[in-house]
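Order of the sequence lines fixes the chain letters, A, B, ..., with proteins taken first and strands second; residue numbering starts at 1 for each chain.
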Amino acid sequence: MAVCLLISKDGRHKPINLPHGHAVILGRGPETTIKDKACSREQLEVTADCNRKCVSVKQLGANPTSVDSQMVGKGNLLMMRAGQQLHMVNALYPYSVCFKEDPSSCQSSTEKCVGAKRPYGSSSLDGDHHKEPSGSRGPRGAQDSTQCELGESTSSPPSKLKPNTHTTDKVETFGHWSQGLKSSMQDPKMQVYKDDRVVVIKDKYPKARYHWLVLPWESIPSVKALRREHCDLLRHMEQVADGVVEQHCPDHNLLKFRLGYHAIPSMSQVHLHVISQDFDSPCLKNKKHWNSFTTNYFIDSKEIIGMLEKDGRVTVKEGTEDLLKLNLRCHVCGAEISTIPKLKEHLKTHTHGR
DNA sequence: GTTCTAGAAC
DNA sequence: GTTCTAGAAC
């Protein structure tokens, strides 16, 4: 199986591996080193087909992405081949793609990714959940049906790119921590349930006794990308969540659960939190953790679906980020509590030793 | 997202 | 002195 690399033609960063059949979201951020506000954090979704030697390019951001001189258009998709030039936004930040059997040969090809203006940094793969999956997709695949038909779901592991030891620059790549869920959801060891539309995994750092994540196979970066047509999928995610609670939580009649989304998630790929309301977990450590589940930063699934039915999109109120800085307040009785350790002691008074 | 740690708060 | 938080680094 060939591998596909996305090469920054102005040498902003080292080539980004595009695993066969995996939708990869790119935009402003450490991965591309692009800081230009005209470029969305989620500007593009690219999916490589290493069999057909093509890459689908979907524009997610508002400002124009182009392939050669052809504009993609927001929500639209264009196919790109080796030799063509992609501009991330506003005819800036040129990229090309390269398919090679031997990944190392890509860097010495005519793509001029050697001798770049800016030296490539080393990638940071600092935890196992940060690594990208090496193989299977979900049953229906991680790309939507409008993209080019992809062949087998088996793909080669991401190629190892030679780290440049002559630089101390830190350029984060596809293994960036924010992509960790995409890798976890593909890992059979993490999967609690899966069907043709969704997968359920345990949260790696649960903030309560029971804490699962329900993720769609379809690539949806965050709640911002949700539209009216996703309502049915979201209702299915709720149903699956209810089933997992019933099946995997022996105390489901005693414990209260909430199903919802973070208004501003840190991790890419939309995920429904299914969390018991005991918040009894050593992984719950700070104010941000607490407030992200107990203030309006946490939006109930029903509310999200309601917004989509009414407005066709999810709007996050201004100042939502500030909710994370609010004083600690018990979600059961409303008491304000000064520190996390005291809050944890207080919570025991509500669980009555259970 | 987590980890680490300086320094604020006690 | 210890505990705890907040922000940088990853």
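Taking side-chain N and O atoms only, A:K288 has no distance below 4.0 Å to OP1 or OP2 of B:dT3. Within the structure, every side-chain polar atom (N or O) of A:H176 is placed at least 4.0 Å from both OP1 and OP2 of C:dC10. Put simply, A:H262 has a side-chain N or O that comes within less than 4.0 Å of OP1 or OP2 on B:dG1.
Here C:dA6 presents its C1' atom at 10 Å from NZ of A:K325, a figure rounded to the nearest Å. Between A:K285 atom NZ and C:dT5 atom P the separation is 13 Å, expressed in whole Å. The CD1-P distance, from A:I340 to B:dT2, rounds to 13 Å in whole Å. Distance, A:I264 CD1 to B:dG1 P: 11 Å, rounded to whole Å. Atom CD in A:E345 sits roughly 15 Å away from atom C1' in C:dC4 (whole-Å rounding). One interatomic measurement links the two molecules: NE2 of A:H289 to P of C:dT5, which rounds to 12 Å at whole-angstrom precision. Rounded to whole Å, atom P of B:dG1 lies 14 Å from atom CD of A:Q269. Distance, A:I201 CD1 to B:dG1 P: 12 Å, rounded to whole Å.
Here the two rings, on A:H211 and A:F293, have centers that are under 6.0 Å apart. Taking the centre of each ring, A:H289 and A:Y205 stay at or above the 6.0 Å mark. Taking the ring centroids of A:H252 and A:H248, they lie at or beyond the 6.0 Å cut-off.
Nearest nucleotide to the A:W177 side chain, out of C:dT5, C:dC10, B:dT3: C:dC10. Checking C:dT5, C:dA6, B:dG1 against the side-chain heavy atoms of A:K287 singles out C:dA6 as nearest.
Within the 4.0 angstrom heavy-atom criterion, no nucleotide atom of any strand lies near A:K342.
Looking at A:K344, A:R209, A:K348 one by one, the single match for side-chain hydrogen bond (donor to acceptor under 3.5 Å, both in side chains) with A:D280 turns out to be A:R209.
Note: A:F257 and A:W212 have parallel aromatic rings, judged against thresholds of 30 and 60 degrees for the angle between ring planes.
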